[in-house]
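Here's the structure we're looking at; comments come further down.
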Amino acid sequence: MNFTATGESGPACWMAICSNDHVGSMNGVSLSCFPVAHLITLHPISPLLTLSQLLIERPTGKASFKKGITESDGRRSRHETTVQLRKSKKDEQMKKKRQIAGANGLKLSSTTEELKEDSNLSIPQPTITRISELMQVLNLFFSDPGTVPVEDLLDAVKDLRRLLSVERNPPVDLIIDAGALPYFVAFLTNDEYPMLQFEAAWALTNIASTSRTKDVANCENAVTSLVKLLYSPSGNVREQAIWCLGNIAGESVSFRDGILREPGLIVGM
Amino acid sequence: MNEPSTASLAQNVTWTVSNLCRGKPVPELNVVRVFIEPLVNILKLANDDPSACESSDIRTDTAWALSYLSDGDEDRIQAVVDSDAVPTLMKMVKAFPSNRTFMVPAIRCLGNIVTGNDTQTDSVLRAGFLDHAMDLLDHQSKAIKKDTCWILSNIAAGTKDQITALFQNFESNALVAKLVKCAFDAPWDIRKEAVWAICNILTCGTDRHMQCVVSVNGIQALCNVLQNQQDATLLLAVMDAFEKLLDADEKYQRNYQVLMDECGGVDHIEELQQHPNNDVFEKASNIILLYFGEAQDDEDQNLAPAMEDATFTFGMPSKELFPTGNNSSKVSFNFGGSSINNISEV
């Protein structure tokens, strides 16, 4: 997909946008854009399932003894946690969401009002409205690219990403229902605009860290595009892609295997 | 992975790789084995810079990834062993013993390796695991204590030399004494593993190993365990170990039988003749029959097992094994579908 940029929206403009933002530089040095708190204990310790312990075969050189323990060796393996158990912990441990560093609320562009932090589960109307506005920009861009300057597009994607980065109750469902996912995935392929790739990957990472991982994983070309980003010249983009893939891999064994099968994954990693 | 440009990138990549290696069924070895060496290299690098706060996460995630990769058959274990993971992990076990988040997967990984063959187990011993075993058994973390006992139990299922290593080449019983202590009074999860370790030493070890275990009160610990009738596999392991002891007793007149009796072991085994699990009650009966079924006095002469026509009647030693009357229905020995006192040879 190609952008048609207006005269003012050349690369120089992109860098200016970068430096005003939280996002950090593009030279691979990570700054404040990474989450302050990491969820590290990703892996619950499973209780040993004694009665189903595997008894490993001893090599046939020595046979006769072990009655009562096993017909051969006394060695016992251990069963790891099942996928099912891991799934139940996934929101806490398996996935990490990127947040705006230190942010407890939103910082939007000056054209919108400041949103209050929401303590209940419903999304406030201003957010709903805002999402709708932002999606209009994206929709317009895809239907008639010439009419939307790239910087506006980038701003819109950034704002969506910010909405998805709030700590409590990000409007994930709303944004998915509004049709943003295929757009984000499409933006992953815009090699001429790494900032856009970065923002899209960030947004997808956060969605993939919630219960809606499947929506991301099942989106056509999502995994393929993310794996291609492993080869991006931009360190931030590569890192964000890796992160998103990690969230998807943690969702299920089949997604894990889907990623492992993707051509270019191993080398890219 | 080969040259992460930032610590943050290294952190993300190790975390994602760990997710790619995780889960059952395990991913194909041929696909993921290529991650092993880079993981070990990252671990080495993180080791060199322990002050960086991301290092801790990197070490932890890398250790988890290696623990997933080593979880499986000997081929997988070999792939991990070949990569120099064992000495690298041990180096960090030495350096950061109190860092629980790292230690848990590191010990788990070493434990997986020790479920492999003798050579693979040797790699863990050569890296000096046993030098730290005493401390690990005292670790704050229950999971680490448990896994350490598990590792020792698997070493104890190895070669005679490997078992001798548990006794520091017979220079010290301290480690085994500590295992016995765990077998006495640790929380059940840990206790089970320690019991396995002792049983394996007795069953797989030499006579000298056996004497050492007995000298540190191993018999009492095992006898106590028989009271807990939940875990059939464990009961069988203990009884196997007892059979070994009793065989040795017959050969060498060591009074193990007397010891077992004094420790309450015989009583417990008698009770196990009523255990719902077939294997358990059969074994318990066999033991009583073979080692404790001798007539004590004249009255009991005719109660001694008489083997005729491939059946034998089961006598009553001085203690009431088979309550007659009301409770007789509880005691059912259906080895061959026969009634209580007429049991076909198993």
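Since the structure is predicted, the reported quantities are computational estimates derived from the model, not experimental observations. In the text below, chain A, chain B and the rest are named by the order of the sequence lines, each starting its count at 1. Only heavy atoms go into these numbers, but all of them, side chains included; no hydrogens, no water, no symmetry mates.
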* Asked: Taking everything shown except Lys228(A) itself, do over 12 heavy atoms lie less than 6.0 Å from its NZ?
  -> no
* Taking the side chain from Thr16(B) and the backbone from Leu245(A), do they hold a donor-acceptor pair closer than 3.5 Å? -> no
* Checking Val26(B) against chain A: side chain, backbone, both or neither under 4.5 Å from a heavy atom? -> backbone
* To do: Please report the shortest heavy-atom distance between Leu20(B) and Ile259(A), naming the atom on each side.
  => CD2-CG2, 3.8 Å
* Which atoms of Val31(B) approach chain A - backbone, side chain, both or neither, heavy atom under 4.5 Å -> both
* To do: Evaluate whether atom CD of Gln229(B) has more than 12 neighbouring non-hydrogen atoms of other residues, nucleotides or ligands under 6.0 angstrom away.
  => yes
* Might you point out which heavy atoms bring Pro25(B) and Arg256(A) nearest each other, and give the distance in Å? => O-NH2, 2.7 Å
* To do: Could you walk me through whether Met269(A) and Val34(B) pass the side-chain contact (heavy atoms from CB on, under 4.5 Å) test, one step at a time?
  => CA-CA 10 Å; Met269(A) 291 296 284; Val34(B) 67; over 6 Å; no
* Asked: Side-chain contact, heavy-atom cut-off 4.5 Å: Glu239(A) with Thr6(B)?
  -> yes
* Find out whether Trp15(B) and Ile242(A) are in side-chain contact, i.e. whether some heavy atom of one side chain is under 4.5 Å from a heavy atom of the other. => no
* To do: Could you please spell out the steps behind the side-chain contact (heavy atoms from CB on, under 4.5 Å) verdict for Asn19(B) and Asn247(A)?
  => CA-CA 8 Å; Asn19(B) 269 3; Asn247(A) 277 348; 5.6 Å; no
